[in-house]
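Worth saying up front: this structure is predicted, and the values here are computed from it rather than measured.
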Amino acid sequence: VQLQASGGGLVQPGGSLRLSCAASGSIFSINVMGWYRQAPGKQRELVATMPSGGSTNYADSVKGRFTISRDTAKDTVSLQMNSLKPEDTAVYYCSADVRTTRASSTWFRYWGQGTQVTVSS
């Protein structure tokens with residue numbers, strides 16, 4: 001299973017970016033897809049997650065500014081980031097909880113390669 005993320009870059013405070021992530025490979029089913037981020041010197045933290053059939057979950061720091069969406073038919077997840085702040089600067093990682101075969105009841109979490117988001121004037 002591979003997750004390919006794209007869409008990072010440099011943006012001024014108050015600006016917007018959209019991140020996208022596509023999962024491919026041996027996928028029977030995906031439950032939760034989401035986005036995490038890691039700033040220099042800090043631990044990786046949850047940004048937003050979206051189960052296949054449930055409600056979304058956001059970190060308090062991004063509520064009202066970020067919106068997660070997914071296309072279950074295409075195994076993709078996106079993160080629309082508005083009103084960006086310098087403290088949003090981090091490497092953003094997409095994730096997917098994947099069941100690889102019908103016979104397996106085990107879910108594995110896979111990670112994308114990370115995409116840099118820098119918010120600076």
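- A donor and an acceptor atom, one from each side chain of R44 and Y36, are nowhere located under 3.5 Å apart.
- Panel note: side chain S104, backbone T101; no donor-acceptor pair is recorded below 3.5 Å.
- Under a 3.5 Å cut-off, the side chain of R37 and the backbone N or O of E45 do not form any donor-acceptor pair.
- Side-chain contact between L46 and N57: present, with at least one pair of heavy atoms (C-beta onward) separated by less than 4.5 Å.
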* Verdict with supporting geometry, K85 and D88, salt bridge (charged side-chain N to carboxylate O under 4.0 Å, His left out) -> CA-CA 5 Å; K85 304 175 181 179; D88 294 318; over 6 Å; no
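- Not a single donor-acceptor pair under 3.5 Å links the side chain of S16 to the backbone N or O of N82.
- Side-chain contact between Y110 and T100: present, with at least one pair of heavy atoms (C-beta onward) separated by less than 4.5 Å.
- Looking at T89, its side chain does come within 3.5 Å of a backbone N or O of V119 through a donor-acceptor pair.
- Between M50 and M33 the shortest side-chain heavy-atom distance does not fall below 4.5 Å.
- Side-chain contact annotation: T118 with Q116, donor-acceptor N/O pair under 3.5 Å present.
- Within a 6.0 Å radius of CD in Q43, no more than 12 heavy atoms belonging to other residues, nucleotides or ligands are found.
- F66 is listed as a side-chain neighbour of L79, based on a closest heavy-atom distance under 4.5 Å.
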